[in-house]
A.B. asks: 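A single structure is presented below for examination.
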Amino acid sequence: MSLEKFDKEIFELTNKELERQCEGLEMIASENFTLPEVMEVMGSVLTNKYAEGYPSKRYYGGCECVDEIENLAIQRCKKLFNCSFANVQPHSGSQANQGVYSALLNPGDKILGMDLSHGGHLTHGAKVSSSGKIYQSFFYGVELDGRINYEKVREIAHIVKPKLIVCGASAYARIIDFAKFREIANEVGAYLFADIAHIAGLVVAGEHPSPFPHAHVVSSTTHKTLRGPRGGIIMCNDEEIAKKINSAIFPGIQGGPLMHVIAAKAVGFKFNLSEEWKIYAKQVISNAKILAQTLIARNYKLVSDGTDNHLVLMSFLDRAFSGKDADLALGHAGITANKNTVPGEIRSPFVTSGLRLGTPALTARGFKEKELESIANYIADILDDINNTKLQAEIREKLKTLASNFIIYPKAMF
Ligand code: DSN
């Protein structure tokens, strides 16, 4: 029986979401369009299999095929990141990070991460997350120019003396200097942990410096710039740390691995290892740069005045409207983005004075500089006259036509 016949409600809602993804412009910096092949294996019989443990050391029988699959995912992941160890079982980036902390730290140990309101991530020690509840968390941030001041990080690290420093961000548009972070970590005897969830797809294409050999441990999600299935991974080059990470993930914080997702991660890594991938990653950055240049030319202020990666962070500190207002207005025009805090923030985290825009998903559709320039101009038109709902509706129609020329998935997919 088909899903359509068995569960019409879910079938219709899934198709509605397919339509939303195809007709609108997806500019949330952490989202992307994965390959149909990745989705095919996620919807396979692999979802039926329990395989607690690791390849050749399982707690269940019948793991011959999934052992080979997990080994392939591990091999491809190691090749991709040029490292000697990979754990491909974390269900998400947050669980990967939780696994890293529990492998290397004891409750109450000090960690130093990037402030959430400066572009860090919840799991980098935010007080509302288990990373800020189990461990004593301290923070560095960005300067008013939107950049990390490594001398300030050094000063804070010397005062705090953390056992682990986390680098990596969710809303930082500039290159992260992993070598500098390692220097600081060495000075205070800390582990350096790089969470590269946002930039991993650029790193593996050589478009952003690699965290190896600087970081002791690296984590990532597989669905952002990597364009694979939703999930997490952990990598390192140290045998002792590797053993601790494996035990921390299973049996530490997870039970049965999601074998259908691990197979999909392997398929995604195969794509990431191709020559085509390098072209994609380069285009993601070129697209972000033209987006940034056009918005600046239209008198919009960007945090750090531009970008080196896949995202731009607009600042509305000099405007009468908020990030929330901008998010809503663009949403009416079919552009999905997210409001974001900015350095020197004056509004609440739910309102904010910024907007984060990313190019990974649009680039996956085949958008290039020409399209990004015109999208940036539409964004500026909308924000220049933010209460003009008629204009938003007109632009929505134009963008629908533009999107229909860049088909990402077949219409009748489900
Ligand atoms: N939620 C992700 C982001 O949007 O950056 C981070 O996990």
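Start at 1 and go down the list; that is how both ligands and their atoms are numbered. Fair warning: this is a prediction, and the values are worked out from it, not measured in the lab. Side chains included, hydrogens not; waters and symmetry mates left out as well; all remaining heavy atoms used. In this chain, numbering begins with 1 at the start of the sequence shown.
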A.B. asks: With under 30° as parallel and over 60° as perpendicular, where do the rings of Phe321 and Tyr300 fit, or are they tilted in between?
C.D. replies: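 The rings of Phe321 and Tyr300 sit tilted, inter-plane angle from 30° to 60°.
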A.B. asks: For ligand 1, which atoms sit closer than 4.0 Å to a heavy atom of His121?
C.D. replies: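 Those of ligand 1 that fall under 4.0 Å from His121 are 6 (C), 7 (O).
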A.B. asks: Heavy-atom distances under 4.0 Å are what count here, so tell me which part of Glu31 touches ligand 1: side chain, backbone, both or neither.
C.D. replies: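 Contact part for Glu31 vs ligand 1: neither.
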A.B. asks: Please check atom 4 (O) of ligand 1 for a protein heavy-atom neighbour under 4.0 Å.
C.D. replies: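 Given the 4.0 Å limit, the answer for atom 4 (O) of ligand 1 is yes, a protein heavy atom qualifies.
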A.B. asks: Do NZ/NE/NH1/NH2 and the carboxylate oxygens of Glu207 and Lys282 come within less than 4.0 Å?
C.D. replies: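 A salt bridge is present here (some side-chain N lies under 4.0 Å from a carboxylate O).
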A.B. asks: Should the pair Glu151-Lys180 be classified as a salt bridge under the 4.0 Å nitrogen-to-oxygen rule?
C.D. replies: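 No.
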A.B. asks: Could you tell me which atoms of ligand 1, counted from 1 in the order shown, lie closer than 4.0 angstrom to a heavy atom of His198?
C.D. replies: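 Those atoms are 3 (C), 5 (O).
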A.B. asks: Looking at atom 2 (C) of ligand 1, what's its closest protein heavy atom, distance included?
C.D. replies: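 Sorting protein heavy atoms by distance from atom 2 (C) of ligand 1 puts Lys224 CE, 3.8 Å first.
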A.B. asks: Any side-chain donor paired with an acceptor under 3.5 Å for Gln89 and Glu70?
C.D. replies: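 Side chains of Gln89 and Glu70: pair found under 3.5 Å.
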A.B. asks: Over 60° means perpendicular and under 30° means parallel, so classify the ring planes of His216 and Tyr191, tilted if in between.
C.D. replies: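 The arrangement is perpendicular - the two ring planes meet at more than 60°.
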A.B. asks: Quick one: which ligand 1 atoms are inside 4.0 Å of a heavy atom on Arg356?
C.D. replies: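 Every atom of ligand 1 under 4.0 Å from some heavy atom of Arg356: 3 (C), 4 (O), 5 (O).
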